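Contents: one structure, followed by commentary.
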Amino acid sequence: MEVSLIILGALVTVGASLYFFHRRDIRRGEAEAPTLPPVSDPPLPTDPTDEEVCCGMHITCERDSLLAGVSREVEYFDDEELDAYAGRDADSYTEEEADQFREVLLTLLPEDIAPWARSIQLRGINLPTEVREELLMIVAEERSKRSHG
């Protein structure tokens, strides 16, 4: 036990010394302060005719382009009853109403999930918050399967 405390004390002493000497060098201008490169998101495709239009299955576009209406064609997936919710706020749905969205989502084929989400957006329907999170989780899982399989 004593040996552990001695080693810990030595590490703390050396670490503190290095920190203070480095700070002194920075103030004197003898060393540069560590800087991280700026982080920026890659640009999202804006022209739907581009070859690299987001399909909704990539991490950079899951949240942005998946629901951004990349395609202008409204496609129905036997979900016409959801049009009644157009214009509603995402947090205003009851649990029964959210279950209607969930039922449609869980019956879709994996390749139909991203087009369904775009169609919902184009129809002016806000997904219930919890269903939207489930949708993004399913898309991320499907993307992971495709990249590993």
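All values reported here derive from a predicted model rather than from experimental measurement.
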* Salt-bridge test for E97 and R88: reply yes if a basic N is under 4.0 Å from a carboxylate O, no otherwise. => yes
* Could you pull out all residues at least two apart from Y93 that satisfy side chain to side chain donor-acceptor pair (under 3.5 Å)? => none
* Closest approach of A117 to L135 (non-hydrogen atoms, all atoms of both residues) -> CB-CD2, 3.7 Å
* For P115, does its backbone N or O pair with a side-chain atom of S119 as donor and acceptor, under 3.5 Å? -> no
* Structure fact -> CG (L127) and CZ (R102) are apart, to the nearest 0.5 Å, by 11.0 Å
* Got a sec, which hydrophobics cluster with L18, joining ILVMFWY side chains under 4.5 Å apart, including via others? -> V14
* Residues that D83 engages under side chain to side chain donor-acceptor pair (under 3.5 Å), provided they are two or more places apart -> Y76, R123
* **Partner residues of E130 under the salt bridge (Lys or Arg N to Asp or Glu O under 4.0 Å) criterion, sequence neighbours left out** => none
* To do: Please name all residues satisfying side chain to side chain donor-acceptor pair (under 3.5 Å) with D91, sequence neighbours left out, ordered by chain then number.
  => T129
* Structure fact -> One should read off an interatomic distance between Y85 OH and I120 CD1, to the nearest 0.5 angstrom, of 11.0 Å
Distance-only donor-acceptor hits, side chain of residues 105-114, under 3.5 Å, sequence neighbours excluded:
{"residue": "T107", "atom": "OG1", "partner": "E103", "partner atom": "O", "Å": "3.1"}
{"residue": "T107", "atom": "OG1", "partner": "V104", "partner atom": "O", "Å": "2.9"}

* Asked: Counting heavy atoms not belonging to D89, are there more than 12 under 6.0 Å from its CG?
  -> yes
* Asked: Side chains of R118 and Q121: does their closest heavy-atom pair fall under 4.5 Å?
  -> no
* **E80 and D78: CA distance, side-chain angles, deciding distance, side-chain contact (heavy atoms from CB on, under 4.5 Å) verdict** => CA-CA 6 Å; E80 293 80 7; D78 196 24; 3.9 Å; yes
* What salt bridge (charged side-chain N to carboxylate O under 4.0 Å, His left out) pairs are there with at least one residue in residues 7-20, not counting sequence neighbours? -> none
* Asked: Of all heavy-atom pairs between F101 and W116, which one has the smallest distance, and what is that distance?
  -> O-CH2, 4.1 Å
* With sequence neighbours left out, write down each residue that passes side-chain contact (heavy atoms from CB on, under 4.5 Å) with S4, or none if nothing qualifies. => none
* Structure fact -> Excluding I6, membership of its hydrophobic cluster (Ile, Leu, Val, Met, Phe, Trp, Tyr; side-chain heavy atoms within less than 4.5 Å) reads none
* Under a single-linkage rule joining Ile, Leu, Val, Met, Phe, Trp and Tyr whose side-chain heavy atoms are separated by less than 4.5 Å, which residues share a cluster with V3? -> I7, L11
* Asked: Which value, rounded to the nearest 0.5 Å, describes the distance between L5 atom CG and L8 atom CG?
  -> 6.5 Å
